[in-house]
Amino acid sequence: MKLKMTRRDFLKTSAVGLAVASGLIKFAKADIFKKAEEEQKKLEEKGYKLVKTICTGCAVGCGLLAVVKDDQWLWVEPWINNPINRGKLCCKGASANYIVHSPRRLKYPMIKRNGKWEKISWDEALEIIAKKLWEIRQKYGPDALFFAGSAKVSTEMAYLQRKFMAFWGSNNIDHQARICHSTTVAGLGNTFGYGAMNNNFNDMRNSRAIIFLSNPAEAHPVSFYHIYKAKERGAVLIACDPRFSRTAAVSDVYVRFRPGTDIALIMGICHELVKNGWYCPDYVEKRTYGFDYFKEEVLKDDYSPENVEKITGVPADLIRKVAQILAKNRPATLQYAMGATQHVTGSQNIRSFAILQLLIGCVGRPGGGVNAFRGHDNVQGATDMCVLSHSLPAYYGLSEKAWKHWCRVWNVDYEWIKSRFSSEEMMHKKGFTMSRFAVGATAEKYGWKLDQPSPIKAIIWWGHSTASIGDLKLVKEAFESVELLVVVDPFVETAAALPERKDGIIILPACTEYESEGFVTNSARQIQWRNKVVNPRYESKPDMWILFKLVEKLDKYDPGLYAKFTANFGGKSPEEIRPEEVWDKEVMVGCISIGMLGQKSWRIKRQQEYDYTFSEEDCRSYGGPCKGEYWGLPWPCWNDKHPGTPILYRDDIPVWEGGHDFRVKWGPKAPDGKSLLSGVNPQNEIYVNGVKWLFAIGETFEEYLDKNMLPSGRGRARFYAWNMKDPLPKIREPIYSPRLDLVSRYPTYEDEKYGKFHFRVKIKGRSWQIAWLKANVVDIFPLVWTSGRQVEHMGGGAETRSNPILAELQPEMYVEINPKTAMERGIRDGDLVAVVSPRSLEYDDTPAYIIVKARVTPSVPEWLVFTPFHWAGQFQGKPYLDRFPVTNDMDTRPIVYGDSCNIVNPPGWDPETQMQATKSGICNVVRADKLQEFLSQYRSKIEKLKAELRKMKVME
Amino acid sequence: MLKFLVDTHHNLCIKCKGCMAICKNYNKTPKGVNRIQVVTINEGQPGQLNIPIMCLHCNDPPCMKVCPVKAIYKREDGIVLVDKDKCIGCGYCAWACPFGAPQFPEGGAFGSKGKMDKCTYCVLPFEPERDEKGNVIYRDPVPRCALICPCETILAGEMKEITKKLRERVGALTASKIESLFLF
Ligand code: SF4
Ligand code: SF4
Ligand code: SF4
């Protein structure tokens with residue numbers, strides 16, 4: 001032990017020396033940053049603890065220092081040596097302690113009985129839940145439970161959520177990623193092989209041109225620390241957004257296009273690049289497949305700047321200008337978020353981005369890449385762990401092979417797992433998704449068909465927000481229809497208060513992420529250890545404890561369950577099992593497919609200790625024990641010696657240095673006979689002693705890496721993805737399109753594309769659109785609706801709307817409307833207005849609407865309105881704060897509240913992933929006091945649409 | 001001389017409000033008292049500019065001149081402070097300050113606005129701490145807003161350091177602008 005200590009100390013001092021010599025501690029040398037570090041040191045001397053932790057506000061993954069005394073978190077200090085953010089924070093990170101110390105926390109478990117909220121003990125609560133779940137299982141089968149998991153919990157906890165449902169015997173588990181970046185996984189995965197952000201935030205400083213397809217100024221503020229470095233070095237910033245966002249305001253070029261026409265816009269740019277020979281033929285030749293098919297398509301007249309102008313509204317000359325900029329400024333990177341993914345054509349939108357980047361040869365090089373900016377702090381981790389209804393962890397899918405692989409990791413018998421399901425068929429069938437589970441719960445009432453024996457009878461709602469889900473009216477009904485609703489959250493999440501029901505709801509206080517610990521993966525696949533800042537407040541408990549405890553309770557009815565579930569942890573009690581154990585013994589063993597093998601807990605923690613040895617330029621450590629490693633060991637990290645892969649598909653450096661290549665995922669040959677192996681160094685996937693790499697548990701791949709070979713092979717990126725519903729991106733109008741003239745030329749997907757059932761529910765495409773076309777109600781719904789983020793809030797806002805600082809900085813839900821549009825409707829800034837949409841007429845009599853304040857601003861054009869989506873606490877104008885628990889020592893009502901905009905979102909689902917459409921809707925805005933007048937004036941038109949929808953049997 | 005400089009020459013601020021939040025957090029100002037505030041001009045149109053505004057610790061502070069009870073003073077290092085024991089809440093300073101820096105908590109007694117509060121360069125929180133003898137404890141002058149601003153819009157420190165940083169930035173950004181002139 002003693003020896004180890006001295007060795008460590010030695011390393012530490014030498015590392016500091018090295019770091020200083022190589023100029024790494026840049027900030028420590030400069031002015032106020034130096035003073036800040038001195039002051040921080042003084043604080044420590046005075047007995048304050050400075051705890052390194054990770055912000056929960058978004059997926060940038062900023063580090064921050066929590067100042068703690070007597071188990072109280074006093075304020076936030078900048079963590080200057082964290083290479084991702086160098087101490088920079090936006091308002092969410094800068095007020096993190098107010099989430100922990102919010103006056104609106106849920107303090108103890110509550111149950112709703114006879115219309116009243118009652119306090120109960122943890123033991124009683126879990127007992128009731130276990131008993132009821134068991135009853136439901138006996139009566140209706142395991143598929144009667146729907147589990148909404150979370151991207152807010154740590155990666156190993158997300159993994160345990162997925163594992164829980166596997167052991168329960170159902171695939172009805174899903175989480176935020178379905179409705180945020182599922183189309184990214186489909187779009188990028190089908191092009192490159194992996195479905196994650198290619199490069200990282202820091203790397204953007206190497207770009208010469210940055211195309212924004214989202215609004216990172218509000219959604220990922222600290223990314224601007226790096227983006228401005230790029231700007232200082234000469235990068236051109238191009239903002240593409242229907243709305244003149246804060247990002248647009250600081251960009252060099254602004255491209256305003258109509259929501260939902262991303263494909264037309266990007267293909268228009270590609271058209272120019274190909275036509276003028278401004279693409280990268282060498283790269284295309286060496287590293288891609290299917291360019292000829294693409295070329296033929298993109299040179300069609302549909303994609304000429306003139307035609308694209310007609311569809312998107314972007315002047316043809318501006319499209320040419322953007323193409324020209326991309327021709328001359330490389331590497332270029334492209335970033336996007338929900339504005340691109342949440343469409344019926346979401347997967348294809350992302351495909352078009354990937355294709356554009358391939359054309360200009362910018363994938364797999366510093367400063368390039370398709371950078372999917374993800375939303376939640378751990379959504380990449382939760383996605384990797386596949387808290388998703390169509391796959392086991394690490395994207396293994398639901399095949400027999402996949403199940404057998406994970407059974408080996410779990411140390412349980414495959415036959416036993418099989419026996420947990422109602423049938424073998426259900427084991428391989430994709431479950432309900434976040435976007436459409438509501439249909440699964442309300443099917444009986446409406447007589448809708450489902451692809452499983454029983455409807456959903458119980459819902460576990462664990463760290464998921466309600467406000468972000470589309471068709472919220474139906475979601476409310478779903479919460480009202482089930483027999484048991486369990487909500488687990490540090491605050492009272494909307495799901496517990498929205499339903500108008502007298503009993504059957506139990507809420508469990510999970511502690512916040514800052515009161516527990518675990519691994520979080522940011523958008524750039526960088527894994528960081530989040531330290532516990534203070535002990536859980538009140539009676540709240542860490543998520544992991546709650547889950548293990550629930551399994552323990554279930555064990556009473558389901559003997560042997562707990563022992564099997566914890567087989568790798570030696571039968572320890574829920575209190576004893578550590579996150580590191582779950583991580584090292586299961587996650588790091590089974591997730592071979594994405595190379596999550598080398599990020600052992602000791603390595604991640606060591607990085608945190610030696611944070612000052614990492615450079616902010618390339619996130620690499622240049623001294624000390626982590627020398628050579630990249631911050632966060634981004635996957636693939638093939639073994640304990642591998643430094644991680646900060647930039648995917650980079651074939652110009654050795655694999656041992658973070659080199660990589662496109663994955664060989666569709667065999668070595670395409671159906672047309674062309675090779676799918678990379679021209680540089682052709683290499684198929686690795687088989688270890690006849691076992692495919694994916695299933696080679698315990699293998700370190702070292703000898704292959706020495707030969708510069710990759711387990712996933714050296715393959716080609718695909719312009720042409722023959723297995724997709726559209727092998728090449730194709731212009732398709734939104735279902736409720738404002739442009740009826742374009743609908744027949746660019747129709748949405750045929751009903752057949754969704755199959756007989758789509759994730760266990762009936763989904764139709766073209767039928768909706770035909771009903772829309774026939775009803776012809778565009779005149780009464782002439783405005784396009786889109787939604788987005790406010791910088792102060794996060795997701796459904798349960799945490800941020802109860803954070804006193806953030807609630808003060810942004811107290812309001814509103815609709816942004818152009819001055820001219822407002823004037824025509826007699827609306828003044830601050831007036832209460834109704835945003836009415838033709839939604840929910842497929843099952844209800846009145847169209848959906850929300851009542852919000854008008855924010856009159858020219859940032860939206862005359863034809864567009866914008867609403868933020870973080871709001872809840874009010875439903876179609878009626879506040880329901882009285883349904884939040886209030887006791888003599890606890891008030892759980894959010895500090896600020898408002899109507900949830902996703903009541904009015906349009907129908908439509910991506911045929912690849914069932915992504916919902918929450919960015920390109922249609923609506924009208926009227927003064928709130930004129931709403932009834934509006935509804936009665938246009939009664940017949942609304943009835944017409946209702947009749948057409950029923951005629952087309954859109955829900956059947 | 002310690003100074004602030006808000007870089008409005010390059011449209012940098014993205015209104016992430018990190019500065020506002022950290023200031024409230026560190027200095028524990030109550031609701032409604034914002035020592036730093038981000039204002040926007042030309043919102044929603046080309047030319048939009050977000051500007052964080054706080055006390056600029058003027059060389060010759062107008063607020064100091066108008067204060068009838070001499071509650072406002074300038075320290076040797078340049079920081080302008082208000083002595084809350086002396087302040088009578090008349091609000092003259094708020095009229096005199098061109099930047100609207102002086103803040104007053106909600107509802108002071110007898111028509112007074114309550115004690116004035118404003119940016120202290122982070123040396124004093126809203127309720128100053130005191131040692132056993134009742135003397136006010138001053139913290140180190142480390143402006144939190146400037147530390148955490150992701151866009152480095154707020155530059156702080158010794159004047160010569162600020163000018164150096166700004167010179168570099170102007171050089172780099174102007175060069176990049178010139179380069180882009182050759183684009184077409
Ligand atoms: S919300 Fe995102 S950008 Fe803001 S501090 Fe947290 S991680 Fe950083
Ligand atoms: S922290 Fe910086 S970028 Fe953010 S609002 Fe304040 S000045 Fe603007
Ligand atoms: S220097 Fe400190 S007190 Fe002044 S505005 Fe900035 S954070 Fe607030």
Side-chain angles (χ1 to χ4, degrees), chain A residues 30-33 35-36 38-39 42 75-78 80 85 87-98 216-218 221-225 228 231-236 243-244 246-250 252 254 321 324-325 328-329 791-792 804-806 808-810 816 818 857-860, chain B residues 2 10-28 31-32 34 40 42-50 122 125 139-152 155-158 161-162 165 168-169 171-173 175-180 182-184:
Chain A
D31 49 56
I32 55 168
F33 296 94
K35 279 205 195 125
E38 281 167 8
E39 210 193 356
K42 273 194 234 161
W75 73 85
V76 171
E77 281 283 313
I80 290 166
N85 68 321
K88 313 296 175 198
L89 296 169
C90 78
C91 55
K92 296 181 289 299
S95 62
N97 46 326
Y98 284 79
E218 289 203 66
V222 174
S223 64
F224 265 83
Y225 177 52
Y228 278 160
K231 192 167 171 167
E232 272 184 25
R233 296 171 190 181
V236 190
R243 167 175 169 254
F244 189 81
R246 288 183 191 164
T247 305
V250 297
D252 302 305
Y254 172 52
K321 185 172 163 185
Q324 223 169 354
I325 293 173
K328 297 187 183 161
N329 291 271
V791 66
E792 299 85 354
I805 288 191
L806 296 176
E808 183 187 347
L809 293 182
Q810 184 51 270
E816 287 188 357
N818 185 277
T857 164
S859 66
V860 285
Chain B
L2 293 170
H10 308 104
N11 191 354
L12 294 178
C13 172
I14 52 171
K15 208 172 185 175
C16 74
K17 300 190 188 171
C19 50
M20 293 179 74
I22 199 80
C23 181
K24 294 206 78 111
N25 196 349
Y26 186 66
N27 297 304
K28 304 293 174 213
K31 189 166 176 228
N34 293 305
T40 303
N42 296 327
E43 204 224 25
Q45 15 190 335
Q48 172 175 332
L49 187 62
N50 304 314
C122 281
R139 299 173 172 179
D140 287 351
V142 184
R144 293 312 193 272
C145 52
L147 276 183
I148 71 148
C149 171
C151 302
E152 300 181 305
L155 301 172
E158 289 297 332
E161 277 162 11
I162 298 178
K165 175 101 194 167
E168 284 167 17
R169 182 180 292 171
L173 284 172
S176 86
K177 274 272 162 334
I178 294 171
E179 265 177 57
S180 62
F182 294 121
L183 267 179
F184 304 103

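Just the heavy atoms: all of them, side chains too, but no hydrogens, waters or symmetry mates, feed the values below. Because the structure is a prediction, the values reported are computed rather than measured. Just so it is clear: chains get the letters A, B, ... in the order the sequence lines come, proteins before strands, and each one is counted from 1.
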- Item | N/O donor-acceptor pair under 3.5 Å between Lys17(B) side chain and Val791(A) backbone | no
- Counting heavy-atom pairs under 4.5 Å to chain B, which of Asn85(A), Thr247(A), Val250(A) comes out on top? Val250(A)
- Tell me, with the steps shown, if Glu43(B) and Phe244(A) meet side chain to side chain contact (heavy atoms under 4.5 Å, CB included). CA-CA 9 Å; Glu43(B) 204 224 25; Phe244(A) 189 81; over 6 Å; no
- Would you mind telling me which of Leu49(B), Asn25(B), Asp140(B), Leu2(B) has the largest number of heavy-atom pairs within less than 4.5 Å of chain A? Asn25(B)
- Among Lys42(A), Glu792(A), Gln810(A), Glu39(A), residue most engaged with chain B (heavy-atom pairs, under 4.5 Å): Glu39(A)
- Message: My understanding is that only one of Pro78(A), Cys90(A), Cys91(A) makes a side chain to side chain contact (heavy atoms under 4.5 Å, CB included) with Ile148(B); could you say which?
- Response: Pro78(A)
- Of the listed Ser223(A), Pro216(A), Ala36(A), Gly93(A), the one with the largest count of heavy-atom pairs under 4.5 Å with chain B is Ala36(A)
- Note on the structure: When the 4.5 angstrom heavy-atom criterion is applied to Tyr98(A) and chain B, the contacting part is side chain
- Check whether Cys23(B) gets within reach of chain A through its side chain, its backbone, both or neither, counting any heavy atom under 4.5 Å. neither
- Task: Rounded to the nearest 0.5 Å, what's the gap from NZ on Lys15(B) to CG on Leu809(A)? Could you check?
- Result: 10.5 Å
- Item | CD on Gln45(B) to OG1 on Thr857(A), rounded to 0.5 Å | 8.0 Å
- Query: Quick one: what part of Glu218(A) sits under 4.5 Å from any heavy atom of chain B, side chain, backbone, both or neither?
  - Reply: neither
- Message: The test is side chain to side chain contact (heavy atoms under 4.5 Å, CB included); show your working for Gln48(B) and Arg246(A) and say whether it passes.
- Response: CA-CA 8 Å; Gln48(B) 172 175 332; Arg246(A) 288 183 191 164; 4.1 Å; yes
- Task: Not counting sequence neighbours, which residues clear ring pair (Phe, Tyr, Trp, His ring centres under 6.0 Å) with Tyr26(B)? List them please.
- Result: Trp75(A)
- Quick one: what part of Glu816(A) sits under 4.5 Å from any heavy atom of chain B, side chain, backbone, both or neither? neither
- Let me know if Lys92(A) has heavy atoms under 4.5 Å from chain B in its side chain, its backbone, both or neither. neither
- Distance-minimising heavy-atom pair for Glu808(A) and Lys31(B): OE1-CA, 3.5 Å
- Query: If you take all heavy atoms of Pro143(B) and Ile32(A), which pair is closest and at what distance?
  - Reply: CD-CG2, 4.1 Å
- Distance-only, no hydrogens or angles: does the Lys88(A) side chain make a donor-acceptor pair with backbone N or O of Leu147(B) under 3.5 Å? yes
- Message: If you count heavy-atom pairs within less than 4.5 Å of chain B, which of Val222(A), Val860(A), Asn97(A) leads?
- Response: Asn97(A)
- Item | Largest heavy-atom contact set with chain A, pairs under 4.5 Å, which of Pro46(B), Pro141(B), Gly157(B) | Pro46(B)
- Task: Side chain from CB out, backbone as N, CA, C, O: work out which of these in Asn42(B) comes under 4.5 Å of a heavy atom of chain A, or both, or neither.
- Result: neither
- Message: Show the nearest heavy-atom pair for residues Asn11(B) and Tyr228(A), with the distance to one decimal.
- Response: O-OH, 3.6 Å
- Message: If I measure from the heavy atoms of chain B, does Leu89(A) come under 4.5 Å with its side chain, its backbone, both, or neither?
- Response: both
- Item | chain B contact via Glu38(A) - which portion, at a heavy-atom distance below 4.5 Å | neither
- Task: Please determine, among Glu168(B), Lys28(B), Arg169(B), the option with the most heavy-atom pairs under 4.5 Å with chain A.
- Result: Lys28(B)
- Message: Let me confirm one number: the SG-NZ distance from Cys122(B) to Lys35(A), rounded to the nearest 0.5 Å.
- Response: 12.0 Å
- Toward chain A, the part of Cys149(B) with a non-hydrogen atom under 4.5 Å: backbone
- Message: Restricting to non-hydrogen atoms, name the atom on Ala21(B) and the atom on Ser95(A) that form the minimum distance, rounded to 0.1 Å.
- Response: CB-CB, 4.3 Å
